[in-house]
Amino acid sequence: EVLPVESGGGLVQFGGSLRLTCSVSGLTHRHYAIGWVRQAPRRGQEGIACIESSDQAPLYRYNEQGRFTISLDKARNAAYLEIDNLKAEDTARYYCGVNFPNCESTLTQYQSWGQGQQVTVSS
């Protein structure tokens, strides 16, 4: 069973940085993708980023300001999401998902999900 578990959330300062970790157990496929989705009351579900094990090229749904960085450590079966210059709009619950074999185009559809981590940006 593929079980993603998120960590690294919490209360963070406006303008600061945060790194979320998604550790995945039971991952035996050679080709897979790990991504991040967030949910907030105003915006609903938002795909953020996804990365594939094949080429490890990061994919972003919206990253015009380059504040998001997704990375993958295949040896540890872990993916990371770094958020820089945190803003109030980043306040949300962040979910990690695993998909096979590649990232889906909207970066919102995954076959396995973690339980999420709350990120709250304070000023």
Side-chain angles (χ1 to χ4, degrees):
E1 184 178 10
V2 176
L3 296 174
V5 178
E6 304 95 336
S7 61
L11 182 65
V12 291
Q13 289 291 323
F14 178 88
S17 297
L18 179 73
R19 191 178 80 159
L20 298 169
T21 297
C22 176
S23 299
V24 185
S25 62
L27 191 58
T28 60
H29 298 72
R30 189 210 294 183
H31 300 292
Y32 61 89
I34 304 177
W36 292 92
V37 175
R38 68 185 180 186
Q39 286 186 325
R42 287 185 178 181
R43 306 185 302 274
Q45 181 175 275
E46 296 178 296
I48 302 172
C50 184
I51 189 165
E52 299 172 345
S53 64
S54 55
D55 59 7
Q56 297 187 232
L59 301 173
Y60 303 99
R61 184 67 181 92
Y62 301 105
N63 196 23
E64 300 299 327
Q65 297 180 9
R67 298 192 302 113
F68 301 103
T69 303
I70 188 170
S71 58
L72 178 68
D73 187 336
K74 292 193 289 186
R76 293 182 170 86
N77 286 341
Y80 310 92
L81 179 68
E82 180 180 313
I83 310 174
D84 297 318
N85 191 23
L86 285 157
K87 302 178 179 181
E89 66 194 51
D90 295 322
T91 295
R93 190 166 184 87
Y94 287 74
Y95 295 88
C96 172
V98 180
N99 200 55
F100 304 97
N102 306 308
C103 297
E104 179 267 336
S105 62
T106 67
L107 311 187
T108 61
Q109 300 180 31
Y110 299 90
Q111 295 171 339
S112 300
W113 293 92
Q115 292 187 340
Q117 281 275 296
Q118 180 67 35
V119 173
T120 301
V121 181
S122 66
S123 59

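Model, not experiment: these values are computed from the prediction. All values below come from the heavy atoms of this structure, side chains included, with hydrogens, waters and symmetry mates left out. Nothing fancy with the numbering, it's 1 onward along the sequence.
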query: Just wondering, do Glu6 and Leu20 contact through their side chains at under 4.5 Å, heavy atoms?
result: no
message: Using side-chain heavy atoms (C-beta onward) and a distance below 4.5 Å, is Pro58 in contact with Phe68?
response: no
- prompt: What's the verdict on side-chain contact (heavy atoms from CB on, under 4.5 Å) for Thr21 and Gln117, showing C-alpha distance, side-chain angles and the deciding distance?
  reply: CA-CA 10 Å; Thr21 297; Gln117 281 275 296; over 6 Å; no
- prompt: What is the minimum heavy-atom distance between Val121 and Lys87, and which atoms define it?
  reply: CG2-O, 3.3 Å
field: Beyond-backbone contact of Leu11 with Gln118, side-chain heavy atoms, under 4.5 angstrom
entry: no
- prompt: Is a side-chain N or O of Ser23 found less than 3.5 angstrom from the main chain of Val5, in a donor-acceptor match?
  reply: no
message: One pair to check against side-chain contact (heavy atoms from CB on, under 4.5 Å): Val119 and Arg38. What are the steps and the verdict?
response: CA-CA 10 Å; Val119 173; Arg38 68 185 180 186; over 6 Å; no
query: So, Glu52 side chain and Cys103 main chain: donor-acceptor pair closer than 3.5 Å or not?
result: yes
- line: Minimal heavy-atom distance between Gln56 and Ile51, with the atoms involved, is O-CD1, 3.3 Å
query: Between the side chain of Tyr32 and the main-chain N/O of Thr28, is any donor-acceptor distance below 3.5 Å?
result: no
message: If you compare all heavy atoms of Val98 against all heavy atoms of Pro4, which two are closest, and at what distance to 0.1 Å?
response: CG2-CG, 3.8 Å
- prompt: Is the backbone N or O of Glu82 less than 3.5 Å from a side-chain atom of Arg19, with the two atoms forming a donor-acceptor pair by type?
  reply: no
task: For atom CZ of Arg30, decide whether the heavy atoms of other residues, nucleotides or ligands shown that lie under 6.0 angstrom number more than 12.
output: no
field: Worked verdict on Ser122 versus Gln13 for side-chain contact (heavy atoms from CB on, under 4.5 Å)
entry: CA-CA 5 Å; Ser122 66; Gln13 289 291 323; 3.5 Å; yes
task: Would you name the heavy atoms of Asn102 and Ala33 that are closest together and state the gap between them?
output: C-CB, 3.6 Å
message: Assess the residue pair Tyr95 and Thr108 against the criterion (side-chain contact (heavy atoms from CB on, under 4.5 Å)); give the C-alpha distance rounded to whole Å, side-chain angles, the decisive distance to 0.1 Å, and a yes or no.
response: CA-CA 10 Å; Tyr95 295 88; Thr108 61; over 6 Å; no
message: Under a 3.5 Å distance rule, please check whether Arg43 uses its side chain to pair with a backbone N or O of Glu89 as donor and acceptor.
response: yes
N/O donor-acceptor pair under 3.5 Å between Asp73 side chain and Asn77 backbone: no
Heavy-atom closest contact (Arg61 atom, Leu107 atom, distance): N-CD1, 3.3 Å
field: CD1 on Ile70 to OH on Tyr80, rounded to 0.5 Å
entry: 11.5 Å
- prompt: Cys96 and Ile34: which non-hydrogen atoms are nearest, and at how many Å?
  reply: SG-CG2, 3.5 Å
message: Just checking Gln39: does its CD atom have more than 12 heavy atoms from other residues, nucleotides or ligands closer to it than 6.0 angstrom?
response: yes
- request: State whether the number of non-hydrogen atoms from other residues, nucleotides or ligands found under 6.0 Å of Tyr62 atom OH is greater than 12.
  value: no
